[in-house]
Asker: 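Here you go, one structure.
Everything quoted here is computed from the prediction, not taken from an experiment. Numbered from 1 within each chain, the chains take letters A, B, ... in sequence-line order.
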Protein chains: 2
Amino acid sequence: MVKTVFEKSDAIPLLAEAFRELGYEGATLSSITARTGLSKGSLYHFFPGGKEEMAEAVLDHVDCWFIAHVFQPLEEEEPGAAIAGMWQAVDAYFRAGQRVCLIGAFALDETRDRFPQAINRYFVRWISALAGALIRAGKDEKTATQLAEHAVLGIQGALVLTRATADGKLFTRALERLAAVLEI
Amino acid sequence: MVKTVFEKSDAIPLLAEAFRELGYEGATLSSITARTGLSKGSLYHFFPGGKEEMAEAVLDHVDCWFIAHVFQPLEEEEPGAAIAGMWQAVDAYFRAGQRVCLIGAFALDETRDRFPQAINRYFVRWISALAGALIRAGKDEKTATQLAEHAVLGIQGALVLTRATADGKLFTRALERLAAVLEI
DNA sequence: GTCTATACAGTGATAGAC
DNA sequence: GTCTATCACTGTATAGAC
């Protein structure tokens, strides 16, 4: 059986899922080969820097997705629609809480110290993009920043609690509540 | 040099800090021996079940702390004072966000599946204790449960964001905002 | 009760055949 | 570009001296 064409970009979503579910330390090369169907040799061909380069590629991939689907709309589109779109995108991306935030999970342990800029950048841009939309929607700067911080933090917390309690409806319920707080 | 008396209970806070900072997979026996000053032999003497038993002991220790300092006060004392005490205890326990929630961190990766009951129990009790206090303070049951969920999830999210952004003031600021939401 | 020595599986990573 | 074979090393865990 000959392996068909398989590009680096095809591997990244599978790598992302591995790191998301197992964590950086927990995602061993064995588990990664099993999930991607690629041998270690192929993985090192695509990512000469090994596991760390794989994680960097995954972080970049996640960041790009959020820029395209969340941050840029918040920064450029009509604020009401962009914010509504954010809640939709977030619920879909995190599969109603069944999927964890890779970057949030990396932030919690010493993995953060491997990728500090990538982790920081993601959250800072999310908060500032949302704050910007809230300002364009009429909030003053201080309130907008606080509300944005509150919303982003709430999403991360909802992911933790959804997994911890195994309550499948918690996430979507939390998003609705967070969306309501933004209206205050 | 003779090792002085060192009880199992003395090791647990050090183990807790190791798991908290490094994660379950990241906390290797080498790092644990370095942090506790106990050799592998001694560790296995105290915890014959190895790393898993160490983590169980730590989870139990954390749970007991929260029962004594947070859950029971919420369940038994005057609600206003108990809730105010909760915010104080949380800010102190998590060192204004410099310290991560071990149980929340465990919830995010496959470590959850090792200790599902302990993780679930902690968060369920926290939410129900807080909801109970809110009910005694005059909220209706549905509102109280939602607000309690919102508060606990906010704490977890604030821990993620504090570490991610390295903004030392974020955590305390978030707690103030979360406390304000409970008043609504 | 504490340690050192050790077993042995699994780790990330590399070399080289095809 | 993909694989297998293999490397040196670290992982958890155990045995046994003191």
Asker: Whole angstrom is fine here: how far is it from CD in A/E7 over to C1' in D/dT2?
Answerer: 15 Å
Asker: Can you confirm if the NZ or CZ of B/R99 lies within 45° of the ring axis of B/Y93 and under 6.0 Å from the centre of its six-membered ring?
Answerer: yes
Asker: For A/S42 and D/dC3, is the shortest distance between a side-chain N/O and OP1 or OP2 below 4.0 Å?
Answerer: yes
Asker: Any donor and acceptor pair, going by atom type alone, linking the side chain of B/R163 with main-chain N or O of A/L108 inside 3.5 Å?
Answerer: yes
Asker: Hey, can you pull the residues of residues 43-52 of chain A with a non-hydrogen atom under 4.0 angstrom from DNA chain D?
Answerer: A/H45, A/F46
Asker: Do the side chain of A/T36 and the main chain of A/I32 share a donor and acceptor less than 3.5 angstrom apart?
Answerer: yes
Asker: How would you list all residue pairs meeting ring-ring contact (aromatic ring centres under 6.0 Å, His included) that involve residues 129-184 of chain B, not counting sequence neighbours?
Answerer: A/H150-B/H150
Asker: Would the distance check show the side chain of B/R20 and the main-chain N or O of B/L15 forming a donor-acceptor pair, the cut-off being under 3.5 Å?
Answerer: no
Asker: Tell me if a side-chain donor or acceptor on A/K139 pairs with a main-chain N or O of A/T145 at a distance below 3.5 Å.
Answerer: no
Asker: Grab the CG-P distance between A/L38 and C/dG12 for me, whole Å please.
Answerer: 16 Å
Asker: With sequence neighbours left out, write down each residue that passes ring-ring contact (aromatic ring centres under 6.0 Å, His included) with B/F19, or none if nothing qualifies.
Answerer: B/Y24
Asker: Tell me which pairs pass salt bridge (charged side-chain N to carboxylate O under 4.0 Å, His left out) where either residue lies in residues 143-160 of chain B, with sequence neighbours left out.
Answerer: A/R173-B/E149
Asker: Does the plane of the ring in B/F66 sit parallel, tilted or perpendicular to the ring in B/Y122? Use 30° and 60° as the thresholds.
Answerer: perpendicular
Asker: Rounding to 10°, can you tell me the angle the first-five-pair axis of the helix from C/dG1-D/dC18 to C/dC18-D/dG1 makes with its last-five-pair axis?
Answerer: 0°
Asker: Donor-acceptor pair, A/D10 side chain versus A/E7 backbone, under 3.5 Å?
Answerer: yes
Asker: Going by number, which of residues 20-34 of chain B have a non-hydrogen atom under 4.0 Å from DNA chain D?
Answerer: B/A27, B/T28, B/L29, B/S30
